[in-house]
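These values consider heavy atoms only, across backbone and side chains, with no hydrogens, waters or symmetry-generated copies.
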Amino acid sequence: MNNDLLFDFTVDKASKTVVITREFDAELSLVWDAFTKAEFLDQWVAPKPWTSKTKVMDFRVGGRRFYAMVSPEGVERWAIQRYTSITPKTNFKMYNAFADKDENPELPGSEWDYSFTEKADRTIVRITIYNESLERMERMIEMGFTEGFRMSLKNLESLLESLSNNRK
């Protein structure tokens, strides 16, 4: 793993926003696929020892991803993501909400804006998360979002390293 990669994680309660900037030692198309294809998302998005399972993945404007993070004991935490904007290999936006197993959202939710930039052989991903309420943001933080997301990004780094090596 490369330790000189950019990583910034900022929580701003005043604006109810979280901004994550992360650089990966991988080409843009591979990083894009890791964020937009269920077979890759399920390999990295849940912090270990949790796992991720996608029930529905329809990556298009108006489409959705419905998935659960599953604890080692089998407890499922469901979420639904609705894609609102997609510019291939550059940006996508989605609305995210916790949900029950029947896809009923728990509102309020949050808006996620993903931007991808290639720089030499590296890719920079900037994720801006705007929460509709401070209470929701605080709930995310209480549930371990900050540490869990950091762990998930480490999982992604390992996955990208493995996939990059397989392409060589």
Side-chain angles (χ1 to χ4, degrees), residues 1-12 17-59 63-73 75-81 83 85-96 98 110-131 137 139-168:
M1 292 201 191
N2 192 334
N3 291 328
D4 71 338
L5 298 172
L6 171 68
F7 186 28
D8 183 58
F9 197 109
T10 304
V11 175
D12 183 348
T17 303
V18 176
V19 179
I20 304 155
T21 305
R22 181 67 160 82
E23 184 176 35
F24 295 98
D25 192 10
E27 64 184 53
L28 176 63
S29 62
L30 190 58
V31 176
W32 176 263
D33 286 351
F35 277 89
T36 61
K37 294 184 176 180
E39 62 267 26
F40 295 128
L41 285 162
D42 283 343
Q43 292 183 60
W44 70 266
V45 81
K48 292 181 182 3
W50 289 64
T51 58
S52 171
K53 71 174 184 180
T54 298
K55 187 172 183 178
V56 175
M57 180 75 180
D58 183 14
F59 187 70
R64 75 191 192 288
R65 177 176 183 230
F66 181 54
Y67 76 102
M69 286 196 195
V70 184
S71 76
E73 300 78 30
V75 175
E76 298 174 337
R77 300 276 187 237
W78 289 93
I80 187 165
Q81 301 170 333
Y83 300 106
S85 171
I86 299 172
T87 305
K89 298 188 180 174
T90 303
N91 176 270
F92 71 89
K93 296 176 183 178
M94 67 181 187
Y95 182 80
N96 182 78
F98 299 118
S110 56
E111 296 173 18
W112 293 53
D113 184 347
Y114 292 78
S115 295
F116 298 77
T117 309
E118 194 165 34
K119 184 174 127 184
D121 291 335
R122 294 181 175 180
T123 302
I124 299 170
V125 180
R126 180 181 171 94
I127 306 166
T128 303
I129 306 164
Y130 172 74
N131 291 277
M137 182 174 169
R139 180 177 172 209
M140 281 176 47
I141 302 302
E142 283 174 17
M143 290 173 66
F145 174 78
T146 304
E147 187 56 33
F149 207 82
R150 287 178 188 271
M151 291 169 66
S152 293
L153 290 175
K154 286 188 187 288
N155 294 344
L156 175 55
E157 185 176 357
S158 296
L159 174 63
L160 290 169
E161 185 177 330
S162 172
L163 293 170
S164 291
N165 288 338
N166 289 341
R167 287 188 172 187
K168 292 178 181 176

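Interatomic distance, CD of Glu161 versus CG of Asn166, reported as 11.0 Å (0.5 Å rounding). With values rounded to the nearest 0.5 angstrom, Thr90 atom OG1 is found 7.0 Å from Leu28 atom CG. Note that the CD atom of Gln43 and the OG atom of Ser158 stand 11.5 Å from one another [nearest 0.5 Å]. Rounding to the nearest 0.5 Å gives a distance of 6.5 Å between OG of Ser110 and CD1 of Ile129. Atom CG in Asn155 sits 8.5 Å away from atom CH2 in Trp44 (nearest 0.5 Å). Expressed to the nearest 0.5 Å, how far CD1 of Ile124 lies from CG of Leu5 amounts to 9.5 Å.
Between Lys89 and Ser29 there is a side-chain heavy-atom pair separated by less than 4.5 Å. Annotation: side chain of Arg126 is in contact with side chain of Thr128 (closest heavy-atom distance under 4.5 Å). Two residues are said to be in side-chain contact when any heavy atoms from C-beta on lie closer than 4.5 Å; Ile80 and Tyr95 fail this criterion. The side-chain heavy atoms of Thr51 and Met69, taken from C-beta on, include no pair separated by under 4.5 Å. Between Thr21 and Val125 the shortest side-chain heavy-atom distance does not fall below 4.5 Å. In this structure, Val75 and Arg77 have side chains that are in contact, with non-hydrogen atoms separated by less than 4.5 Å. Residues Val18 and Tyr130 fail the side-chain proximity criterion, which asks for heavy atoms closer than 4.5 Å. Residues Asp8 and Val19 are not in side-chain contact: their nearest non-hydrogen atoms beyond the backbone lie 4.5 Å or more apart.
In this structure, Phe92 and Tyr114 have parallel ring planes: the angle between them is below the 30° cut-off, well short of the 60° mark.
Residue Ser164 comes nearest to Leu30 through the heavy atom pair OG-CD2, 3.3 Å, listed as atom of the first residue, atom of the second, then distance. In plain terms, the two heavy atoms of Gln81 and Met94 that are nearest each other are NE2-CE, 3.3 Å. Residues Ile86 and Trp32 come closest through the heavy atom pair CG2-CZ2, 4.2 Å. Between Glu27 and Thr123, the shortest heavy-atom distance links the atoms C-OG1, 3.3 Å. Counting all heavy atoms, side chain and backbone alike, Ser71 lies closest to Trp50 at N-CE3, 3.3 Å. Nearest approach of Val11 to Met137, heavy atoms of both residues: CG1-CE, 3.0 Å.
Checked for salt-bridge contact, Glu157 and Arg22 meet the test: a charged N lies under 4.0 Å from a carboxylate O. Residues Glu76 and Lys53 are paired through a salt bridge, judged by an N-O separation under 4.0 Å between the basic side chain and the carboxylate.
A donor-acceptor pair under 3.5 Å is formed between the side chain of Ser152 and the backbone N or O of Val45. Within the 3.5 Å criterion, the main-chain N or O of Thr87 finds no donor-acceptor partner in the side chain of Asn91. Between the Ser52 side chain and the Asp42 main chain, no donor and acceptor come within less than 3.5 Å of each other.
The side chain to side chain donor-acceptor pair (under 3.5 Å) test with Arg65 singles out one residue from Thr54, Asp58, Asn96, and that residue is Thr54.
A cation-pi contact, defined as under 6.0 Å to the ring centre and within 45° of the axis, is absent between Arg150 and Phe145. Cation-pi contact between Arg64 and Tyr83: absent, since separation from the ring centre below 6.0 Å together with deviation from the ring axis within 45° is not met.
Checked by atom type, the side-chain pair Asp12/Thr17 shows no donor-acceptor distance below 3.5 Å.
Centroid-to-centroid, the aromatic rings of Phe116 and Phe35 come within less than 6.0 Å. Aromatic pair Tyr67/Trp78: ring centres not closer than 6.0 Å.
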